[in-house]
Protein chains: 2
Amino acid sequence: MSETPVSDATVGRLPVYLRSLVDLAKADVSSVSSARLSAAVGVNSATLRRDLASLDITGTRGVGYDVKYLVAAISRALGVNQEWPVAVIGAGNLGRALANYTGMSERGFPVRALFDVDATKVGSTVADLPVHHVDELPSVIEAHGISVAVIVTPPEAGQAVADAVVAAGITSILNFTGTGLDVPDGVVVRQVDLATELQILSFYQQRGTAQHRLGFEYFVDVDGPVLAHSST
Amino acid sequence: MSETPVSDATVGRLPVYLRSLVDLAKADVSSVSSARLSAAVGVNSATLRRDLASLDITGTRGVGYDVKYLVAAISRALGVNQEWPVAVIGAGNLGRALANYTGMSERGFPVRALFDVDATKVGSTVADLPVHHVDELPSVIEAHGISVAVIVTPPEAGQAVADAVVAAGITSILNFTGTGLDVPDGVVVRQVDLATELQILSFYQQRGTAQHRLGFEYFVDVDGPVLAHSST
DNA sequence: TAGATTGTTAATCGATTAACAATC
DNA sequence: TAGATTGTTAATCGATTAACAATC
């Protein structure tokens, strides 16, 4: 076991590494150096090696990292090799879009239940799933072994819904309401805030020359030269 | 003019400050100290003062900051006081959800045009907007003075669409495809990646005790005691 | 053995924050 | 004037990265 804790920055890069590695595996590349992989994802090679080391993932000096092993190890760290059934709270436009989005299941996050408070929605069917009343959260979550809640209600309802899903035993929340959520320790919230993203865009738009380092911008080319790049 | 450049971290906090300030303004609070506002948004007060200073926003020693002035100044910095017409590329579930999402217009980002390549979608109407073929990007973007493109196509199409919107003069992109985009300097891309967010959640879920610092988690109470908090 | 590449130390960088002089 | 709070300096912290000994 490594002494090094895994930093949030490292966790954020893992999905990026994984995607690039899956491409390499598809192209039958068996071994990859930190230099090559890091160039593909636009990260410094020392950072990449340090990230892997913090997960106790090792390579072979003089050779590099085994691609299949890397895919397996990062997948395991990210929990990508198991299913995390999801509940979507809020059956509005966005909630229905998520329920219909095949990417959820493909990525191991199948939507198993939908909830709303609107009497005209409760009882209807979206993407072959019945829309439950929010009051049924505890029983439905229990029944389906749901571990992740995606909150797509209007902002006013966000905190109440968060309280309800936490009370029902949920410890991972993906929050699309603009509101910040107050949750107990041990519950993880990720904020996806469209309005904030757009406002950040308009900030740079307005500033003209966008001297802006992006979250993750990268470009992979397995066969040819590898180019990593960010707008500056 | 301030010497200090505005860091990306600062820009990311501005929308959070603004939302809290709007609440204060609604509650008829005329003046606020950095201590109070920073507590409300869960940020250190020195960080807040530094953020404001980097935008040349000043307060009054011994008094604090004028709320209305702060709202105006941050709004102006974020470009929130003007409209940024948006094009949505991809008329699938998510694209249609965005077109129907009233929050876009409310926040100053009205969806003015929809695009797709699917012949069965082109010509149809979504949220009172005709779905154009992607080939029409240049003319439609020109006609509506569109400055922001939201890409919600399948990942495979992401780069081609990005190239097309950039060629059509767009300099701000909100990218929902999981793919990284290679864009020229001066074009700003914000990545909104559902799969990555979910994978990060499952990482912490799996680790059990989530020792996780959230992007922006905050809690505002204008009247009573102010509590800032993040799950640890 | 010679070349390549890891794993990690030590230097660097940038961002956060404590602390306090300036000043309302 | 006394109290409050800004604006900013200097210290601190954490993350990135250059550099290199270890070793395949």
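Computed from a prediction, not measured in an experiment: that's the story for all the values here. Heavy-atom basis, side chains included; hydrogens, waters and symmetry copies ignored.
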**Student:** So what does T47(B) hit on the nucleic acid, given a heavy-atom distance under 4.0 Å: a base, only sugar-phosphate, or nothing?
**Tutor:** base
**Student:** Mind listing the residues from residues 58-69 of chain A sitting with a heavy atom below 4.0 Å of DNA chain C? Number order is fine.
**Tutor:** T58(A), G59(A), T60(A), R61(A), G62(A), V63(A), G64(A), Y65(A)
**Student:** For residues 64-71 of chain A, which side-chain N or O atoms pair as donor and acceptor with protein atoms under 3.5 Å away, sequence neighbours left out?
**Tutor:**
from	atom 1	to	atom 2	distance (Å)
D66(A)	OD2	K68(A)	N	3.4
D66(A)	OD2	Y69(A)	N	2.9

**Student:** Apply the test side chain to side chain contact (heavy atoms under 4.5 Å, CB included) to residues V80(A) and L18(A): give CA-CA distance (whole Å), side-chain angles for both, the deciding distance (0.1 Å), then the verdict.
**Tutor:** CA-CA 10 Å; V80(A) 161; L18(A) 183 54; 4.2 Å; yes
**Student:** Counting distance only, does the side-chain N/O of E197(A) pair as donor-acceptor with the main-chain N or O of R190(B) below 3.5 Å?
**Tutor:** no
**Student:** Using a strict threshold of under 4.0 Å (side-chain N to carboxylate O), is an ion pair present between D193(A) and R19(B)?
**Tutor:** yes
**Student:** Within the structure shown, what part of the strands sits under 4.0 Å from S34(B) by heavy-atom distance: base, sugar-phosphate, or nothing?
**Tutor:** sugar-phosphate
**Student:** Looking at V88(B), V152(B), I89(B), which hits side-chain contact (heavy atoms from CB on, under 4.5 Å) with F176(B)?
**Tutor:** V152(B)
**Student:** Enumerate the salt bridge (Lys or Arg N to Asp or Glu O under 4.0 Å) contacts for residues 75-86 of chain B, please, sequence neighbours excluded, ordered by first and then second residue.
**Tutor:** E83(B)-R112(B)
**Student:** With a 3.5 Å cut-off and no angle check, do the side chains of R50(A) and T10(A) form a donor-acceptor pair?
**Tutor:** no
**Student:** Of all nucleotides in DNA chain D that come within under 4.0 Å of a heavy atom of chain B, which is furthest toward the 5' end and which toward the 3' end?
**Tutor:** dA4(D) to dA10(D)
**Student:** Could you pick out which residue, D51(A) or I57(B), lies toward the 5' side of DNA chain D when each is mapped onto its nearest nucleotide?
**Tutor:** I57(B)
**Student:** For residues 161-175 of chain A, tabulate all N or O donor-acceptor pairs below 3.5 Å that involve a side-chain atom, not counting sequence neighbours.
**Tutor:**
from	atom 1	to	atom 2	distance (Å)
D163(A)	OD1	Q159(A)	NE2	2.9
T171(A)	OG1	Q205(B)	OE1	3.4
T171(A)	OG1	Q205(B)	NE2	3.2
S172(A)	OG	Q205(B)	OE1	2.5
N175(A)	OD1	T177(A)	N	3.1
N175(A)	OD1	T177(A)	OG1	2.8
N175(A)	ND2	T179(A)	O	2.8
N175(A)	ND2	Q191(A)	OE1	3.4

**Student:** Hey, is the main chain of Q199(B) close enough, under 3.5 Å, to the side chain of W84(A) for a donor-acceptor pair?
**Tutor:** no
**Student:** Please report how far the helix from dG3(C)-dC24(D) to dC24(C)-dG3(D) bends, comparing the axis fitted to its first five pairs with the axis fitted to its last five, to the nearest 10 degrees.
**Tutor:** 0°
**Student:** Return yes if some donor-acceptor pair links the side-chain N/O of S105(A) with the main-chain N/O of T102(A) below 3.5 Å, else return no.
**Tutor:** no
